[in-house]
Amino acid sequence: MAVRRRGKQILIDLDKGLLYVHLGMTGKLLWNGRSGKYTRAFLEFKNGTLLFDDIRTFGRFEFFSAPPANLTNVGPDALVVSFEEFYSRMRKRKGSLKVLLLNQSFIAGVGNIYADEALFAARIHPLARSGRLSERRARVLYESLGEVLALAIEHRGSSISDYVDGAGEQGSFQSLHNVYGRQGETCLRCEGTIRRIVVAQRGTHYCPRCQRV
DNA sequence: CAGATCACCTGCTTGC
DNA sequence: TGCAAGCAGGTGATCT
């Protein structure tokens, strides 16, 4: 049984078929866990049971005996993509950078918090046009994104409320947020005040003073 | 086909 | 105190 990941997608190869899992916002996998109010699905194996719990039901837990070819129709993983590919594909886009970073077909694995944090680290305005970013600034963004994601993984992500993962642990990256959720507070890098706007239906946080278009 | 908008769902927070 | 309204977010459907 091989377990793979691409972006936010978890793919588990079974003897016959494929299990596709997406945790959405609040999903978690439990091995031999106790089923409860939020257990949405389970799969029994010879040596145990895989449970899928999900409070907000944004996740997916699907078994395919014959997986469709386009099941993983997402771009290269954000931690794997080369700068050359990142930049050349970015240049062809006309929309804003925030939207592009969230687009899983561009690169896979970046969520709302990490898009805001990466743009802040790179000093780039979330509404900056993707196709107009200089190569030098694109490289800063690329490196910032890698650093933000690596640090977040090291801290087991950002836990909302009292959410715990399948191992019963909380993430702690939320205490390291430099811009996400800090609207109205002073920028940690300059004298600006963090602003919150809505982009692509998502809360977007940035410093209007040190993040340039 | 790229981009924009809406809907889905549930627990927590806010306001009266 | 209690209850209603507002909010959060990943993605897929739908429309332009």
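Per chain, numbering begins at 1; letters A, B, ... match sequence-line order.
Going from atom CG of A:Leu23 over to atom P of B:dC9 covers 19 Å, rounded to whole Å. For the pair A:Arg202 CZ and B:dA7 C1', the interatomic distance rounds to 11 Å; values are reported in whole Å. At whole-Å resolution of the value, NE2 in A:His205 and P in C:dC7 are 13 Å apart. Atom CD of A:Gln183 and atom C1' of C:dA8 are 12 Å apart (whole Å). Summarising the geometry, the separation between NZ on A:Lys8 and C1' on C:dG12 is reported as 14 Å, rounded to the nearest angstrom. Rounding to whole angstrom units, CG of residue A:Asp54 and C1' of B:dG11 are separated by 13 Å. What separates CZ of A:Arg91 from P of B:dA2 is a distance of 18 Å, to the nearest Å. Protein atom CG of A:Leu102 is 13 Å distant from nucleotide atom P of B:dA4, rounded to whole Å.
Between A:Phe61 and A:Phe52, the ring planes are parallel. Angles under 30° get that label, and only those over 60° would be called perpendicular.
A cation-pi geometry, defined here as NZ or CZ lying under 6.0 Å from the six-membered ring centre and within 45° of its normal, holds between A:Arg189 and A:Phe120.
In this structure, A:Arg5 pairs ionically with A:Asp77, as a charged nitrogen and a carboxylate oxygen lie closer than 4.0 Å.
Here A:Arg89 lies out of heavy-atom contact (under 4.0 Å) with every strand. Nucleic acid contact class of A:Gln104 (heavy atoms, under 4.0 Å, all strands): sugar-phosphate only. Counting any heavy atom pair closer than 4.0 Å across all strands shown, A:Gly59 reaches no nucleic acid atom.
The side chain of A:Phe58 sits closest to C:dG10 out of C:dG10, B:dG3, C:dG12. Side-chain proximity of A:Lys94 to the nucleotides C:dG12, B:dG3, C:dT11 is greatest for B:dG3. Among the nucleotides B:dT5, B:dG11, B:dT10, the one closest to any side-chain atom of A:Thr57 is B:dT10.
Within 6.0 Å of the CZ atom in A:Arg129, the count of heavy atoms belonging to other residues, nucleotides or ligands exceeds 12. Few gaps surround CZ on A:Phe45; more than 12 heavy atoms of other groups in view lie less than 6.0 Å from it.
OP1 or OP2 of B:dG3 lies within a sub-4.0 Å distance of a side-chain N or O belonging to A:Arg93. A close approach under 4.0 Å does not occur between any side-chain nitrogen or oxygen of A:Lys92 and OP1 or OP2 of B:dA2. Put simply, A:Arg56 has no side-chain N or O that comes within less than 4.0 Å of OP1 or OP2 on B:dA7.
Without hydrogens or angle criteria, A:Thr26 side chain to A:Arg56 main chain gives a donor-acceptor distance under 3.5 Å. At distances below 3.5 Å, at least one donor-acceptor pair connects side-chain atoms of A:Arg137 with backbone N or O atoms of A:Arg123.
Fit an axis to the five pairs at each end of the helix from B:dA2-C:dT16 to B:dC16-C:dG2 and the two axes sit 40° apart, to the nearest 10 degrees.
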